[in-house]
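These numbers were taken from a predicted model, which means no experiment stands behind them. Order of appearance sets the numbers: ligands from 1, and atoms from 1 within every ligand.
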Amino acid sequence: MAVKAINGIPLPLRRKSPSHKKSIVSQSLTSYFGLLVGVVAFLWALFSFVQDYPIGFSHHASGLVDWDHRRLAVRRAFEESWKAYAEHAWGNDRYHPASQKGSQMSPSGLGWIIVDSLDTMMVMNLTEPLAEARKWLHRSLSYDQDQDVNTFETTIRMLGGLLSAHYLSSHLPFVSSRRDAVYLTKAIDLADRLLAAYESRSGIPYASIHLSRKKGIVSHADGGASSTAEASTVQLEMKYLSHLTNNDTYWRKAETVMSILDANRAKDGLVPIFVHPDTGKFTTSEIRLGSRGDSYYEYLIKQYLQTSGDERIYYTMWQEALVGIQKHLITTTKNSQLRFVAELPQGIGGPLSPKMDHLVCFLPGSIALGATGGYTLTKARSLPDWSPEKEQEIQLARDLMKTCWGMYAVTATGLAPEIAWFNAEKKDLQPEPGSRQRSSAKDSLSSWKNDYIVKPLDAHNLQRPGTVESLFMMWRITEDSLYREWGWKMFGSFEKHTKLGQGKGYSSLDDVNQIPPPARDSMESFWLAETLKYMYLLFSPSDYLPLEDIVFNTEAHVLPRFKPKWRTGWERSHN
Ligand SMILES: *[C@@H]1O[C@H](CO)[C@@H](O)[C@H](O)[C@H]1NC(C)=O
Ligand SMILES: *[C@@H]1O[C@H](CO)[C@@H](O)[C@H](O)[C@H]1NC(C)=O
């Protein structure tokens, strides 16, 4: 890095030496001394620049980096996490790495960790642990249990994990299980239980189901309302299952949800975060892109991509929402003019709250994905439907990516808190549509630190994937190695602060601003399913699982794009 940077900048000591006569020897001594002083001064300047300037410097590094080496480091982190789980909590739904114990969410376990991890092991070619996991699934896992489960979590983690394992087991060259029926058989059994959730008066799924009784259960909280994101984040899984089984039952149940939500005619495509399964109506006006809102938007663009662009309706809805987000939610910070996504606790027209969940960090990647459809930016720009609007979307994705990276960069551990608050530019927080950074904005780490506020109650880190997921998408699409470098720094912080000694594995943290940070004694299943998978893919060659052939569900499970066997079963009642 330093070498290239030095070559690129004219060093100050190259100016002409003074004209008065000197002996050859003293002249060259003087210039050697000058050279030395210059180099030291330059390196010092470069060092302070790098210290203070969290962006940009790594552009120079890319050519010299061994990405395979980094990719293997991520694989090792997975292996160590898995080994700890297998030794201390095998077959359990949760793993507590500090106390080295497992615990169950149902009497005999539902395989939350094992099923969620299957496809990561396939992607990383971890054949032996995969064989063990498959054996457990085949012999020990039954969904016929006297147990309530959350409809959404079960769909995205379990059904999604099984479907991804099914897909990859016949599409990754080195996964040995040819035409292995075990994953699909389990998926069908589980989905038939999940269908009970859709037996509500409106068709909006109940928050939970009872597995063995195959019965939907209304939410015990929130006045019986279901979370909007949960109801609208089951479609990729149910539709792919229909595609595989040639049975449109799952497809129709899931797509009906979209028509019911859309019939509410949410202003500018921004949906409130609760919807009632009896009425199909929103029960609040609160809007946010974080918890309970996030993956509604993610699945709009991904549903469009999953069926190969055949279902235009979801692209229209995505575009409408994206315009709404820019009009009502995007605003900037005071010191560095970082753009961020605020919340509307009282809906459109109410005040903005300068708060952004780490969960929102799926958004930059999804925006870039929506703009190019998964192609590289270079290729997408050469296609006839490229437009200035799409160029702007890429800029928005870049800006939000930077803000998400900042959540890591400003903390003591280099790891993001669950929620960040911001010093917003204006008191009234009116967003300025399309506002760009002022040239006077200070884009340095110390200035960033004055923009982010981490409150004690929000300071925990749950090993969440959103930011690395977006970094992966941004790298694949823009081909800017800056995003890979940020990912590598992030991985370094996870290694340094979340890895517990003595083979215990990796833990969530209680406080990202405390050194050493207190461990939370939980290793989330999405650490294995998502965070490490995206990290691994970020450092993998870009033709490995090409972005234009697949979609990732919201739990990073890999599903193929396909041509739909059925037409979209609904139309918008308005435009
Ligand atoms: C995958 O792993 C197996 C053995 O564990 C090995 O034989 C094979 O070469 C690996 N394949 C790739 C593509 O790395
Ligand atoms: C499609 O799947 C549903 C749910 O399992 C089942 O009730 C129905 O009989 C299936 N239809 C066909 C034609 O197999």
Side-chain angles (χ1 to χ4, degrees), residues 66-80 82-83 86 117-135 142-144 149 151 154-155 158-160 162-163 165-178 180-181 183-200 203 205-206 209-216 234-257 532-533 535-546 549-550 558 564-567 569:
D66 183 351
W67 290 106
D68 277 344
H69 184 77
R70 293 181 172 187
R71 180 195 207 199
L72 285 177
V74 177
R75 192 175 186 261
R76 268 197 307 278
F78 181 94
E79 284 181 285
E80 283 180 35
W82 186 258
K83 199 163 157 244
S117 304
L118 291 167
D119 64 350
T120 306
M121 293 188 269
M122 291 180 178
V123 166
M124 294 182 178
N125 190 25
L126 292 166
T127 42
E128 278 170 37
L130 176 63
E132 286 301 309
R134 186 195 171 283
K135 196 174 359 162
S142 165
Y143 292 120
D144 197 21
V149 292
T151 306
T154 307
T155 303
M158 301 296 96
L159 185 58
L162 292 166
L163 291 172
H166 173 79
Y167 169 64
L168 291 180
S169 66
S170 50
H171 286 83
L172 282 179
F174 48 82
V175 177
S176 62
S177 41
R178 274 158 301 237
D180 189 343
Y183 305 120
L184 185 55
T185 309
K186 290 278 179 206
I188 293 170
D189 174 68
L190 180 59
D192 284 345
R193 297 169 196 278
L194 284 164
L195 283 175
Y198 301 82
E199 301 304 317
S200 68
Y206 289 118
I209 56 152
H210 188 280
L211 280 171
S212 59
R213 273 185 250 137
K214 301 193 181 180
K215 212 173 161 339
V234 292
Q235 285 71 20
L236 295 181
E237 299 78 4
M238 297 292 264
K239 285 167 132 183
Y240 180 46
L241 183 61
S242 272
H243 183 78
L244 284 172
T245 57
N246 280 313
N247 178 340
D248 72 349
T249 303
Y250 314 102
W251 179 299
R252 296 301 176 206
K253 296 286 183 197
E255 86 170 356
T256 300
V257 178
L532 289 173
K533 186 192 285 141
M535 206 71 91
Y536 183 82
L537 289 173
L538 175 63
F539 305 144
S540 295
S542 291
D543 60 1
Y544 187 55
L545 295 178
D549 295 347
I550 56 175
V558 185
K565 296 171 180 168
W566 304 279
R567 303 179 76 101

Please answer whether the main-chain N or O of Gly160 pairs with a side-chain N or O of Tyr240 as donor and acceptor at a distance below 3.5 Å. no
Closest heavy-atom approach to atom 8 (C) of ligand 2 among Asp248, Asn247, Asp192, Leu241 is made by Asn247
Hey, is atom 5 (O) of ligand 2 touched by any protein heavy atom at less than 4.0 Å? yes
Yes or no, since that's all I need: does a protein heavy atom fall within a distance strictly under 4.0 Å of atom 13 (C) of ligand 2? no
Side chains of Thr249 and Asn247: do they bring a donor and an acceptor to under 3.5 Å? yes
What atoms of ligand 1 come within less than 4.0 Å of a heavy atom belonging to Thr127? 4 (C), 5 (O)
Could you list which atoms of ligand 1 come closer than 4.0 Å to a heavy atom of Asn125? 1 (C), 2 (O), 3 (C), 8 (C), 10 (C), 11 (N), 12 (C), 14 (O)
Check ion pair Lys533-Asp119 (N to O, under 4.0 angstrom): yes
Under-4.0 Å heavy-atom contact with ligand 2, by part of Leu195 that carries it: side chain
Give me the ring orientation class for Trp67 and Phe539: parallel if the planes are under 30° apart, tilted from 30 to 60°, perpendicular past 60°. parallel
Under a 4.5 Å cut-off applied to non-hydrogen side-chain atoms, are Thr120 and Tyr536 in contact? no
